[in-house]
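Proteins come first, then strands; the chains are lettered A, B, ... in the order of their sequence lines, and each starts at number 1.
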Amino acid sequence: MSEVNFQVPFDPDPANLSNFWRESLPIEVRKSNMVLVHRTAVSETIELEPGLYLFSARLPSGQELSATVQVPDEERTTVALNPESMPEPPFRVSFMPRMIRSLGGLRDIGVRMFGPAAVPPVYLRLFAGNTFGGEIRERPVGLIAGGSGKASVEIPGDDQVQYLQFSEPSTAPINVAVPAWGPDSCTFVISLDADRQGHIEAHVSHKQASLLLQYSKSGLLEQARDTSFSRHLQAEQLLRDKESHPIAATIGAYALLRFNELDRLHNWTENLMNWFPVLPDGAVIRGEHLARLGQHTAAFQCFLQLRQRGLPIFRDGVSLALDRLRLYARQKTRFGPDNVALATGILREFETYAAFFDFNKSVSFFTGLNPSHPGSETLGHELKKGLNIGEFLEASAERTVTSPAPTISA
Amino acid sequence: MIFDERPNLAGKPGLHALVTGVSLYRHLRGGGDKPAENPFDFGQLSSTALTAYRIYEWLIAHKDHFPVPLATVRLLLSPSPKEKKVEPALERLGVEGCTRAAFADAVHEWRRDARTNDEDMTFFYFAGHGLQRKKSDAVMLLEDFAQPSEGELSKTIALDNLFYGMAPPEDVTIKMARRQFYFVDACRQMPERFKQYKTFAVPDLWGEELSGKDDRKAPIFFAAIPGTEALARKGEQSIFSKALLDCLNGKGSEPRDEDANGTVRWQVSVYSLSEALTNSMSELRATFKMNQEFSSEGHGENTALLFLEQPPEVPIALTVSPTDAIPFVAIEIKDRSDAQVREIPSMTPHPYEDKLPAGVYSFRAKVNTAGQSQYADYNDLRPVRPPSHSWIARMKP
């Protein structure tokens, strides 16, 4: 047997925020007849019998890295995975693809105050709280850095759901749930491409969770599954007391539900729900886990918690909640009319959002003047609330603005 | 039911298919029946019944290629007059139209068959108008949609209702197919008018029953991502079904295990199909200059849908770099047994395009030194696998 390790020597985008993908990339190992013999990751070392092997990995944007190597006997071998041609930066396919329409195209809706070469205003606001019941409060956006066509906004984690609102004059504002909680922060990168189309990428701070989201979005289910099984996304590591990573745990749990890996979920979905009593997704994940096990009475109680917790951060949570609440709202005999009335009330809240929701995005993403009031009302030309991100995109030199530290509620 | 092998299977596991396609909507403009009180913006279709028929044809042609034999096919079609002219079999078959009542009857029988054996498989395909209420959702509009004097969504089917009704029951003595494949070839937009509704009540297909442990492998493939349309060229099958059949016929295949003789078996699995559909839809977007994307939802581990009898044919494109070397290069391709499979004496026209059965090949770019001595031969060993393979002979001094 021989030890084999891996390296990814090229770097298409040294400035990319997410350089970690090198160590986390899932790898397929095949014999010379193409039969699969191993699944591993770049950071791992494996043992192989001597012989000819085909090694391949896929980037989230679909490009393949490969190598064909004769593994000798009783020797250590390093396999360098390279692309046939230099690929685009691996996270060009973000999990929040183009969100703001062509910034230059705002001419079409009557904005004249800026010339055709200028970037029209795009205002950012940050809100936090439970969308159900109108308990949303505005807070400062935080650190923004930008210039030369790019701007980044870092949103630290909190112990409540946050929404970043993007608004342009004469359009309905977009509210985006921020995948950040506790130590897990999120950075939004807004950029203009050569056609002056606005792009927004959101990077969760947990590296492997971000990679998992990318693969899922790209339809690379095999790679997504391999990543969800990586040791870096194991609940035991993610939910350890002071070092807990609830957002990464949430992303991992949704993936395991997607792949129906019910046994791998164990009972840590209960921990996720109980240890983070405000996190909406924790209740959905635990509820769905129990429902898949056929434990509907216990599952029902989990979904009822959404009244206090609010709209889930992730789209999967919204969709699963809609499914189960619709199902359970018809079970008067089983759950009793009073409980069913509660479930029906929560379902109505969700359906109010569903009408303005974009289910193609991975996080909760809906229009509304305020995150607690989904709708399609547009802003007037005079509205200038929030920080104008367009100024950062248009600035020729890099600059940073640090707004007052966010007020974190107890 | 148009295909029934149950007597021959005698209780052994089988694949039960329900294939439905609606082009003719009776109560919408041009449908010929009482006009809808509110037709929304939906009109007649011209490809969806034909699409469903093509799927049916494919199932029959591959009836022995599934992990379990094809056991039953239930087919409901509501074709347009134009489709009947394009494909006379649509009339000749004489199958029932896809009304709400017919669909409900068929789906209950289909589920009854799927409850024969846990090892059964199911295959569901719908092509027609659709709308969306949330992510993993499709409301499928049937032939008698918008029937006057009925609720606006009374002649529709909600996919989530269908899907959850196919989960294993709480009563563990009742079997249920654990491998279920769903394909919804319909638009997924929410009409503006529906945004006024707080509830989107669609009549249930089943009684009030909750599932037992839901350990299905049950992917759902949607022809359109949320909020978008599914497209077709008039009188032809839908764009999505074209991509789907291309993938099922080989583009979406992958090598898996080998048999006792060392022969590698090729299959189309959920994961390989998902990846291949992404590529195929991308090609079709470029060909037809449209923006349709598909999505895959549902849940479950990877599982095989289809086995191929032999490795798929893979389009290859061979190029020479730098282009100055083209006149001096010939290429030889050999398989794993060192047998020559291609001799390409000249790389003009460039690039060279061909097809090879999937497998591992050695590519050798040989320099014709009679003309020059600037370049050296270039060798490479490469796997050739779907959807296509490109190889660059990087000639160096």
Side-chain angles (χ1 to χ4, degrees), chain A residues 30-36 52 54 56 58 62 66 68 70 84-85 218-225 257-262 291-296 299 315-316 318-324 326-328 330-334 347-348 350-352 354-361 375-376, chain B residues 132-137 160-161 164 168 170 188 190 194-200 204 208 210-218 225-228 255-258 262 264 270-272 274-275 277-279 294-302 336 358-360 380-383 385 390-392:
Chain A
R30 295 180 180 271
K31 296 196 296 187
S32 60
N33 64 357
M34 301 177 78
V35 169
L36 183 73
L52 186 71
L54 315 169
S56 63
R58 278 209 182 274
S66 62
T68 305
Q70 183 74 35
E84 184 68 17
S85 55
S218 300
L220 296 172
L221 299 180
E222 193 84 80
Q223 286 77 9
R225 185 173 179 272
L257 284 172
R258 170 79 161 95
F259 302 123
N260 222 19
E261 296 280 352
L262 303 180
R292 298 262 183 103
L293 294 174
Q295 298 173 28
H296 296 286
R315 169 208 60 193
D316 281 358
V318 175
S319 201
L320 290 170
L322 277 165
D323 272 345
R324 290 294 174 190
R326 279 205 185 107
L327 202 59
Y328 291 159
R330 299 198 286 268
Q331 304 289 331
K332 277 187 185 164
T333 307
R334 187 171 187 133
L347 176 61
R348 295 292 167 259
F350 271 87
E351 287 181 335
T352 303
F356 304 99
F357 210 89
D358 185 341
F359 285 101
N360 192 37
K361 305 296 190 291
S376 55
Chain B
Q132 174 214 336
R133 300 169 300 173
K134 60 173 179 60
K135 186 192 105 177
S136 294
D137 182 51
D160 59 354
N161 182 235
Y164 285 109
E170 278 188 298
R188 298 179 76 193
M190 180 184 292
F194 278 129
K195 290 186 179 181
Q196 301 166 20
Y197 287 86
K198 290 283 183 186
T199 60
F200 301 88
D204 287 341
E208 291 184 359
L210 294 175
S211 67
K213 183 177 180 184
D214 189 352
D215 54 357
R216 291 179 286 172
K217 297 167 188 173
I225 59 177
T228 65
R256 271 310 197 197
D257 51 9
E258 55 189 328
V264 179
V270 174
Y271 291 175
S272 70
S274 177
E275 184 177 342
L277 274 171
T278 303
N279 293 326
F294 89 101
S295 73
S296 70
E297 309 292 347
H299 60 244
E301 297 171 25
N302 198 19
R336 282 179 61 229
V360 177
D380 210 355
L381 190 68
R382 289 280 171 169
R385 51 184 294 186
S390 298
W391 182 70
I392 303 171

Visitor: Which bit of A:L262 comes within less than 4.5 Å of chain B, counting heavy atoms only: side chain, backbone, both or neither?
Guide: side chain
Visitor: Would A:L327 and B:L210 count as a side chain to side chain contact (heavy atoms under 4.5 Å, CB included) here? Give the steps.
Guide: CA-CA 8 Å; A:L327 202 59; B:L210 294 175; 3.8 Å; yes
Visitor: Locate the shortest heavy-atom distance separating A:G219 from B:S274; write the atom from each residue and the value.
Guide: O-OG, 3.1 Å
Visitor: Using the rule given for side chain to side chain contact (heavy atoms under 4.5 Å, CB included), can you reason through B:R188 versus A:F359, listing the C-alpha separation, both sets of side-chain angles and the distance that settles it, and then say yes or no?
Guide: CA-CA 10 Å; B:R188 298 179 76 193; A:F359 285 101; over 6 Å; no
Visitor: At a 4.5 Å cut-off on heavy atoms, which part of B:E170 comes close to chain A: side chain, backbone, both, or neither?
Guide: side chain
Visitor: Can you tell me which portion of A:L257 sits under 4.5 Å from chain B's heavy atoms? Options are side chain, backbone, both or neither.
Guide: backbone
Visitor: Would you sort out whether A:R225 and B:N302 count as a side chain to side chain contact (heavy atoms under 4.5 Å, CB included), showing the intermediate values?
Guide: CA-CA 9 Å; A:R225 185 173 179 272; B:N302 198 19; 5.8 Å; no
Visitor: Shortest non-hydrogen contact from B:V264 to A:V35?
Guide: CG2-CG2, 3.6 Å
Visitor: Going from CG on B:N161 to CZ on A:R330, what distance comes out if it is rounded to the nearest 0.5 angstrom?
Guide: 5.5 Å
Visitor: Please determine whether side chain to side chain contact (heavy atoms under 4.5 Å, CB included) holds for the pair A:L36 and B:R256, giving the CA-CA distance in whole Å, both sets of side-chain angles, and the decisive distance to 0.1 Å.
Guide: CA-CA 6 Å; A:L36 183 73; B:R256 271 310 197 197; 3.7 Å; yes
Visitor: Heavy-atom cut-off 4.5 Å, strictly under: side chain, backbone, both or neither for A:Y328 against chain B?
Guide: side chain
Visitor: Which atom names give the shortest non-hydrogen contact between A:M34 and B:P383, and what distance separates them?
Guide: CE-CB, 4.0 Å
Visitor: Got a donor-acceptor contact below 3.5 angstrom from the B:D214 side chain to the A:N260 backbone?
Guide: no
Visitor: Looking only at heavy atoms, which two atoms of B:S211 and A:A291 are closest? And how far apart?
Guide: OG-O, 4.2 Å
Visitor: Please classify the contact of A:Q295 with chain B as side chain, backbone, both or neither, using a heavy-atom distance under 4.5 Å.
Guide: neither
Visitor: For B:E297 and A:R258, work out which heavy atoms get closest and say how close.
Guide: O-NH1, 3.2 Å
Visitor: With a 4.5 Å cut-off on heavy-atom pairs, point out which of B:G300, B:S296, B:A218 contacts chain A the most.
Guide: B:G300
Visitor: Let me know if A:S32 has heavy atoms under 4.5 Å from chain B in its side chain, its backbone, both or neither.
Guide: both
Visitor: Non-hydrogen atoms of chain B under 4.5 Å away: do they reach the side chain of A:F259, the backbone, both or neither?
Guide: both
